[in-house]
Amino acid sequence: GTIGLVFLMFIAGTEIKLQDLKKAECKFLVLAAFNAIIPFITGFGIGWFFDYSLMTSFILGICFVSSSGRIVTLFL
């Protein structure tokens, strides 16, 4: 199953036109920025609200960023 998934993703990647990707570059950059900034601030804020240390709140924010990628793809 994993090999089939990798092959399917490879085929989908070969069908992307580079010119179309360059046209939408600004949109992708904005989406990527919001995908990183908003979850990080949310996770950091939750940690800070519950009176965790600065480092623990920072790590919690990073955990929120790493898990937010799948959520964004559900809405695209």
Between the CD1 atom in I11 and the CG atom in L8, the distance rounded to the nearest 0.5 Å is 8.0 Å
Test F44 against T56 for side-chain contact (heavy atoms from CB on, under 4.5 Å), laying out the working first. CA-CA 8 Å; F44 185 85; T56 304; over 6 Å; no
Heavy atoms from other residues, nucleotides or ligands near CD1 of I3 exceed 12 (cutoff 6.0 Å): no
Indicate if L5 and F10 have the same hydrophobic cluster label, given that clusters are the connected sets of ILVMFWY residues with side-chain heavy-atom separations under 4.5 angstrom. no
Closest approach of G47 and S57, non-hydrogen atoms and distance? C-OG, 3.2 Å
What's the separation between atom OG in S53 and atom CD1 in I59, rounded to the nearest 0.5 Å? 7.5 Å
Is the distance from the ring center of F58 to that of F40 below 6.0 Å? yes
I38 and side-chain contact (heavy atoms from CB on, under 4.5 Å): which single residue from I41, N35, T42 fits? T42
Looking only at heavy atoms, the pair that brings P39 and F64 closest together is O-CB, 3.3 Å
Distance from C63 atom SG to I46 atom CD1, nearest 0.5 Å? 11.5 Å
